[in-house]
Amino acid sequence: MIQVKSLYKSFEGKDVLAGINATFDNGKTNLIIGQSGSGKTVLMKCIVGLLTPEKGEILYDGRNFLSMNKKEKKTLRREMGMIFQSAALFDSLTVLENVMFPLDMFSNDTYRDRVKRARFCLDRVNLIEAQSKYPGEISGGMQKRVAIARAIALNPQYLFCDEPNSGLDPKTSLVIDELIHDITTEYNMTTIINTHDMNSVMGIGDSILYIYKGHKEWEGTKNDVFTATNERLNNFIFASDLLRKVRNVEERELKKTKQV
Amino acid sequence: MHLYRQKRLLLQEIVKTMMIRPITTVGKYIMLMGRTFARPERMRMFFKQYLNEMVQLGVNSIGIVLLISFFIGAVITIQIKLNIESPWMPRFVVGYTTREIMLLEFSSSIMCLILAGKVGSNIASEIGTMRVTQQIDALEIMGVNSAGYLILPKIVALMTMIPFLVIFSIFSGIIGAFCTCWFGGVLNAEDLEYGLQYSFQEWFVWCSFIKSVFFAFIISSVSAYFGYTVEGGSIAVGKASTDSVVMSSVLILFSDLVLTQLLMG
């Protein structure tokens with residue numbers, strides 16, 4: 001479980017995060033949603049330690065990340081996996097070498113065991129056939145799957161995904177979402193996903209945190225979204241006609257169920 | 001009042017550009033080097049990277065070093081022959097001067113200026129691209145010291161390979177000089193050979209090696225700094241690449257002055 005308490009972060013005097021409080025449970029896919037510039041990427045970067053907040057606490061199962069020394073942070077980072085918006089695979093390494101990289105760096109296993117583990121992870125994301133290819137030779141969706149395989153290579157307890165569906169077609173996005181969801185429940189990880197893909201919200205949003213101008217505006221699950229009365233959330237999620245129609249149908253269904 | 005405010009802002013901007021920014025840059029550079037020279041997390045990964053970089057930065061530069069040195073050696077011989085031709089001047093002076101130029105300045109300093117363009121821009125753009133595509137962030141999240149993993153092998157590899165490149169450059173230049181005798185008939189090959197061997201001092205070769213190792217450190221570390229601190233996109237990477245070449249060249253020229261005075265003065 002990851003807890004964020006009263007987190008503040010500003011850039012050149014402008015508050016980007018203004019006292020955010022949130023709890024991200026394990027075994028669930030926790031989504032952070034919000035408009036562009038609302039502070040969700042900054043929040044994730046603060047949680048993983050790429051940015052240092054001015055005030056607040058970040059607790060990884062009770063361990064305060066911000067008060068840790070360098071060595072403790074390094075140890076904790078080995079329990080983290082991250083999938084970046086651009087996949088961030090190493091261009092000069094093959095797919096297999098990319099997945100093996102964290103194992104090469106931190107595992108004391110033999111070479112054979114490391115290869116075996118990397119192949120297992122690639123098999124988990126159905127990419128074993130692409131193991132000898134370079135990142136530039138595979139599609140965007142495949143790159144994201146390789147990034148997932150690399151992120152889970154060291155059996156992390158915490159998985160962070162920064163807009164994992166960006167630049168992907170809807171069908172591939174669903175595959176990625178399902179993969180992340182399955183892995184989260186399978187390994188009982190604490191997964192935090194930064195997204196503004198509404199399909200992800202409706203599909204895998206076990207817990208959703210809506211951020212508006214650096215503060216927590218709404219919190220709930222994917223089922224709560226349809227009955228939410230928060231105007232800003234509704235304006236954000238149901239921005240398109242299609243989604244507004246979906247909500248109306250859902251509301252009618254809910255009313256019928258209640259009447260029955 | 002308005003004019004006074006404008007003047008004050010201008011003064012602030014000048015102080016910022018002339019004083020604060022250079023000091024900040026030097027400070028950041030020193031801090032980055034502090035992180036770079038930390039003990040590698042895995043020695044096997046360091047040696048793997050080190051060997052890769054030796055090939056990429058050193059072996060892949062042999063071709064251009066040989067080519068440029070060959071032609072410069074040949075041109076220096078022709079120029080000196082044409083310009084100092086006199087009945088009072090011994091003919092071996094052409095060979096002697098060619099050797100001194102190649103050994104003392106061209107094969108160390110000028111060759112490193114050329115390598116600052118080739119290797120420096122390569123390092124800056126490679127690391128800069130890794131920065132903008134979040135590959136460095138990925139390393140940091142994994143708990144890897146990204147500066148140590150990416151920069152240290154490059155610095156050590158270039159410092160290892162540069163003396164070999166200097167040797168190749170010297171020999172290629174001398175071959176170029178001989179070619180002007182054999183194929184151009186500019187000079188008698190025996191006179192050139194005598195001049196090349198005349199009053200030879202081994203220390204000059206060592207000076208060349210010592211200078212080139214310093215220059216290798218400048219090229220690799222300065223270029224890595226510019227690449228590592230890129231912020232933005234492809235334009236920023238291009239700017240970092242150019243800045244790294246300019247800054248490396250300026251620092252090479254300045255340190256050449258200091259080192260020459262220290263080693264030979």
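When reading the values below, keep in mind they use all heavy atoms of this one structure, side chains included, and skip hydrogens, waters and symmetry mates. So you know, we letter chains A, B, ... as the sequences are listed, proteins then strands, and number each from 1.
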**Request:** Output the option from A/A88, A/A147, A/A87 having the highest count of non-hydrogen pairs under 4.5 Å with chain B.
**Result:** A/A88
**Message:** Given heavy-atom pairs under 4.5 angstrom as the criterion, report whether the side chain, backbone, both or neither of A/F160 touches chain B.
**Reply:** neither
**Item:** B/L251 atom CG: more than 12 heavy-atom contacts under 6.0 Å
**Value:** yes
**Item:** Over 12 non-hydrogen atoms of neighbours within 6.0 angstrom of CE in B/M247
**Value:** no
**Item:** Whether over 12 other heavy atoms sit under 6.0 Å from B/F164 CZ
**Value:** no
**Request:** Would you indicate whether B/K239, at its atom NZ, is surrounded by more than 12 heavy atoms from other residues, nucleotides or ligands within a distance under 6.0 Å?
**Result:** no
**Prompt:** Which atoms of B/M45 come close to chain A, meaning under 4.5 Å heavy atom to heavy atom: side chain ones, backbone ones, both, or neither?
**Reply:** side chain
**Request:** Select one option (side chain, backbone, both, neither) describing which atoms of A/L76 are under 4.5 Å from chain B's heavy atoms.
**Result:** neither
**Request:** Please indicate whether B/M19 has more than 12 foreign heavy atoms, meaning atoms of other residues, nucleotides or ligands, lying under 6.0 Å from its CE.
**Result:** no
So between chain B and chain A, what donor-acceptor pairs come in under 3.5 Å?
residue: B/E41; atom: OE2; partner: A/K74; partner atom: NZ; Å: 2.8
residue: B/R42; atom: NE; partner: A/M105; partner atom: O; Å: 3.4
residue: B/R42; atom: NH1; partner: A/S107; partner atom: O; Å: 2.9
residue: B/R42; atom: NH2; partner: A/N108; partner atom: OD1; Å: 2.6
residue: B/R44; atom: NH2; partner: A/D104; partner atom: O; Å: 2.7
residue: B/T133; atom: O; partner: A/S86; partner atom: OG; Å: 3.2
residue: B/Q134; atom: OE1; partner: A/S86; partner atom: OG; Å: 3.3
residue: B/Q135; atom: NE2; partner: A/D91; partner atom: OD2; Å: 3.1
residue: B/E140; atom: O; partner: A/R77; partner atom: NE; Å: 3.4

**Asked** Should we count CD1 of B/I235 as having more than 12 external heavy atoms under 6.0 Å?
**Response** no
**Complete:** Sorted by chain and number, sequence neighbours left out, side chain to side chain contact (heavy atoms under 4.5 Å, CB included) with B/F70 holds for B/S172, B/I175, B/C179
